[in-house]
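The next block holds one structure in the form of structure tokens; read it before the comments.
Every heavy atom of this structure was used, including side-chain atoms; hydrogens, water molecules and symmetry mates were not.
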Amino acid sequence: MFAPPVNRLITELARFPGIGQRTAQRLAFHLLRASDEEALALADAIREVKETVGHCEICFNLATDPTCRICQDERRDGDVLCVVEEPSDVIPIERTNEFRGRYHVLGGALSPIDGVDPEDLHIVELLGRVSSNGVREVVVATNATTTGEATALYLADAMRERAPAVTVTRLASGLPVGSDLEYADEITLGKAFRGRREL
Amino acid sequence: MQVTALHLRDFRNYARADAELDERLTVVAGPNGAGKTNLLEAVYFACTGRSPRTSTERELPRHGVGVARVTLATRGADDVEHLIEAGFTPGEEKSLRVDGAPVDSLLAVAERPLVSVFLPDRLELVKGAPSGRRAHLDSLVAAVWPARAGTRAAYSRALAQRNALLGRVKAGVSSLGSLFTWDAELARHGAQLMADRSSVLTLLAPFFEARGADLGLPGDPSLEYRPRCASSTAEGLRAELGERHEADLERGFTAHGPHRDDVRLIHAGRSLRSYGSQGQQRVGLLALLFAERDLLRAERGRLPLMLLDDVMSELDSLRRELLADLLRSEGQSLVTTTDLDHVPGGRDPGTTVIEVSDGTLSPAAWRAVA
Ligand SMILES: Nc1ncnc2c1ncn2[C@@H]1O[C@H](COP(=O)(O)OP(=O)(O)OP(=O)(O)O)[C@@H](O)[C@H]1O
Ligand SMILES: [Mg+2]
Ligand SMILES: [Zn+2]
């Protein structure tokens, strides 16, 4: 319908989560209307983020160095690990100011439908951290969805086997069922954190 | 909660039609093809945002016209009027509004009545496969306890995941390791689902027995929950699933669990599904719908609006009388018929009748819209 480069841009934009064909078209036309400077700033920002931001080699959070800022922070409590699905889940938890431990980012949740098996997540690395580094408690903060709950159950079983001395807890069920951590507000999430229960 | 008036615009065979409803029984009369079922469908659509007879909503707008719209005026216990509006344009999101304000879904909207619908093909609920009865039972759970509405969907998601895993293990792409996890997740939702079904049926059964008798269903009618699993706890379910790994892996799907439950409608000690006559099955379904109405009143203080399509035709005169008495005694209902004589008292001056012919409603029921 449009010139091939415009179509290509629309196709790329439509790949974003929550962006349909129509919104992609609107965004594309916004970019076409924008000045070269403005539009290319976006392109540069994308390039820069892909070139400089990677994953922390300890916890798999986003990092510009080999390890992330939280892993580098000496004041954080190494006894408690909070396990989340995605790097984006770290931010809302940090905002509650209830948690002073460290994180472990799985990179997703178990979902056979999407072909995600335990080996596709950073579970082996988690078990390694837990059994070697004097971790006392693991808080499983995966989403309150079917896949998040199954992942929590799997982790609890695996840790009972590999590190029986470690307490495994789950966020209190203050979170609405089926919800993503990313969208929970600070108050609910803070309460869920304080009321966590043993798995 | 009453529906006081309805307004249809380009819905099915109606270009523009308006009617006022009785606070009890309204009879909708007209020949075959006049638009009686369409009228009930319109009311249901405005209450729920869905059609009770099709999932292809493209059928709803009048031929050659883009937008179908139904508006209901309702009045609650507080005597305040509300307007519920549902509109559909092919290729667009449905437009649902309450007093002019858009809403995502009408299901939890307090300004609309709950609805209970009898269409001839709903006899499948009595005659057909268990899946229809399970779905109906789960929707009753959701109507009685709205907060439990998600259990069925959560169970289905876990089931789909476990089935996908079985398929992957069978195909050699996944290891068995996480199957125990999915057993546990499925069992957790499954036990909840079974508990919900069992509690709603425990509450419903005495009402069904009474309404069955009211409507002339002989032989001590009763309802019976037939769960597939022996145990009712999450641990027990998990163990039952665990015992069946080998067979499930061979099949590639989960053959055991509450997705195989059934409910039996019984009269004279036998299943109405297998042994009931057509009329008895019809009365059985009506007894179920009226029992559900009793339950919703008892639990939520709400009487659903009953939409009964062509319900009289196969009933004998005694049962027509019993049904008409029940409809006049309480609650609001719409009953369609091709023949006014099939509705006892249908020609009495006190009975509100909407006459339908070829997509127009009779002048008696017609009111200009402000
Ligand atoms: N989208 C549409 N536009 C126009 N007409 C339609 C549309 N959908 C259905 N119809 C027509 O509506 C008419 C009335 O249908 P309806 O099912 O309401 O009849 P009825 O009064 O219930 O008849 P019966 O007594 O046979 O059950 C039918 O002739 C059908 O072809
Ligand atoms: Mg009809
Ligand atoms: Zn880190």
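Pairing each heavy atom of A:Arg102 with each of A:Ile70, the nearest pair is NH1-O, 3.1 Å.
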Checking side-chain hydrogen bond (donor to acceptor under 3.5 Å, both in side chains) for the pair B:Ser231/B:Thr233: CA distance, chi angles, key distance, verdict?
CA-CA 6 Å; B:Ser231 54; B:Thr233 62; 5.0 Å; no
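Looking at B:Val169, there are no atoms closer than 4.5 Å to chain A (heavy atoms on both sides), in backbone or side chain. Using a 4.5 Å cut-off between heavy atoms, B:Arg188 touches chain A through its side chain atoms alone.
When the candidates B:Ala153, B:Ala160, B:Gly150, B:Gly167 are compared by the number of heavy-atom contacts under 4.5 Å with chain A, B:Ala160 comes out ahead. Comparing A:Ser111, A:Pro118, A:Ala156 by how many heavy-atom pairs each has under 4.5 Å with chain B, the most go to A:Ser111. Of the listed residues B:Ala158, B:Ser178, B:Gly177, B:Ser175, the one with more heavy-atom pairs under 4.5 angstrom with chain A than any other is B:Ser178.
Each of B:Leu106, B:Val115, B:Val117 was evaluated against B:Thr48; a single residue qualifies, B:Val115, per the side-chain contact (heavy atoms from CB on, under 4.5 Å) test.
In the displayed structure, B:Arg69 atom CZ is contacted under 6.0 Å by at most 12 heavy atoms of other residues, nucleotides or ligands.
Defined by atom type and a distance below 3.5 Å, a donor-acceptor pair is missing between the side-chain atoms of B:Arg157 and A:Thr147.
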